[in-house]
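In what follows, a single structure is set out as structure tokens and then discussed.
Because the structure is a prediction, the values reported are computed rather than measured.
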Amino acid sequence: MRGTLQPINPSLCVTNQFHSGEQAALDVAQEIGASLLINEQKAHQYAVSLGLDAVSVPEYLVILMKEGILTVTQTVQAYRRLDRLNRAPRIFMEWARQQIRAQGGHV
């Protein structure tokens, strides 16, 4: 299928306990040893238990800020949008809030 990332060997799926999107992301990351951007908390924890480098969306915002790709202001704005959408687990949001505040951001 063009334009999508598919496991090379679907018979080696690591799990079937998550929705198809999380499951496919976990399978591909495991297969090719890639970092994984995943926001669902249980899938994130599962990825970490497999030894994968799993990053949530709020964590990714902080990484972009610390790398200088986003300013603190841009990070605060993105964080607030993400918070309004209520799509990231609170544990990830709270960690990001602390990191942003440590850099002088007001969230």
Side-chain angles (χ1 to χ4, degrees):
M1 180 177 239
R2 187 169 189 212
T4 62
L5 190 57
Q6 302 277 332
I8 296 168
N9 188 349
S11 66
L12 296 178
C13 294
V14 294
T15 184
N16 62 0
Q17 63 181 319
F18 304 109
H19 293 290
S20 60
E22 288 96 6
Q23 188 171 314
L26 284 161
D27 291 343
V28 170
Q30 179 75 8
E31 189 169 321
I32 66 174
S35 295
L36 181 64
L37 180 63
I38 195 158
N39 223 31
E40 202 280 321
Q41 188 173 357
K42 288 180 183 175
H44 186 281
Q45 290 170 333
Y46 185 79
V48 171
S49 77
L50 294 175
L52 295 171
D53 181 24
V55 178
S56 70
V57 172
E59 290 171 311
Y60 191 60
L61 288 175
V62 171
I63 290 168
L64 293 174
M65 177 185 66
K66 289 184 175 183
E67 292 291 323
I69 297 167
L70 292 178
T71 65
V72 173
T73 300
Q74 290 169 319
T75 306
V76 166
Q77 291 168 348
Y79 177 91
R80 287 180 179 161
R81 282 192 303 271
L82 189 59
D83 194 37
R84 277 193 305 273
L85 293 171
N86 197 31
R87 291 191 183 150
R90 297 305 331 158
I91 191 168
F92 298 146
M93 293 296 288
E94 185 54 37
W95 179 87
R97 178 190 322 270
Q98 292 171 8
Q99 297 299 310
I100 295 166
R101 285 183 175 167
Q103 298 296 316
H106 299 285
V107 290

For T73, what residues pass the side chain to side chain contact (heavy atoms under 4.5 Å, CB included) criterion, not counting sequence neighbours?
-> T71, Q77
With V57, which residues qualify under side chain to side chain contact (heavy atoms under 4.5 Å, CB included), at least two apart?
-> L37, N39, L82
Considering non-hydrogen atoms only, spot the tightest contact between [X] and [Y] and give its length.
X: A47; Y: L26; answer: CB-CD2, 3.5 Å
X: Q74; Y: I69; answer: OE1-O, 4.1 Å
X: I100; Y: M65; answer: CA-CE, 4.1 Å
X: M93; Y: Y79; answer: O-OH, 3.2 Å
X: I38; Y: A54; answer: CG2-CB, 4.3 Å
X: L52; Y: A29; answer: CD2-O, 3.7 Å

Determine whether T75 and L64 make a side-chain contact, defined as any pair of heavy atoms from C-beta on separated by less than 4.5 Å.
->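 The answer is no; the side chains never approach within 4.5 Å.
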Determine whether more than 12 heavy atoms belonging to other residues, nucleotides or ligands lie under 6.0 Å from atom CZ of R87.
->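 Open: at most 12 neighbouring heavy atoms sit under 6.0 Å from CZ of R87.
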Residue pairs, two or more places apart or on separate chains, that pass salt bridge (Lys or Arg N to Asp or Glu O under 4.0 Å) and touch residues 96-107 |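 For residues 96-107, and leaving out neighbouring residues, the salt bridge (Lys or Arg N to Asp or Glu O under 4.0 Å) pairs sorted by first residue read E94-R97.
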Which pairs count as salt bridge (Lys or Arg N to Asp or Glu O under 4.0 Å) when at least one residue sits in residues 40-54, sequence neighbours excluded?
->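 Output for this query is empty, none listed.
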From CG (L50) to CD (Q30), nearest 0.5 Å =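 Going from the CG atom of L50 to the CD atom of Q30 covers 5.0 Å.
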Spacing of E67 atom CD and I63 atom CD1 [to the nearest 0.5 Å] =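 Here the rounded value is 8.0 Å.
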Qualifying residues under side-chain hydrogen bond (donor to acceptor under 3.5 Å, both in side chains), relative to R80, sequence neighbours excluded =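 Expected list: none.
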Following the transitive rule for hydrophobic clusters with a side-chain heavy-atom cut-off under 4.5 Å over Ile, Leu, Val, Met, Phe, Trp and Tyr, establish whether L36 and V55 coincide in one cluster.
->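 Cluster IDs for L36 and V55 differ.
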Which pairs count as ring pair (Phe, Tyr, Trp, His ring centres under 6.0 Å) when at least one residue sits in residues 80-99, sequence neighbours excluded?
->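 Checked against ring pair (Phe, Tyr, Trp, His ring centres under 6.0 Å) - neighbours excluded - the pairs reaching residues 80-99 are H44-F92.
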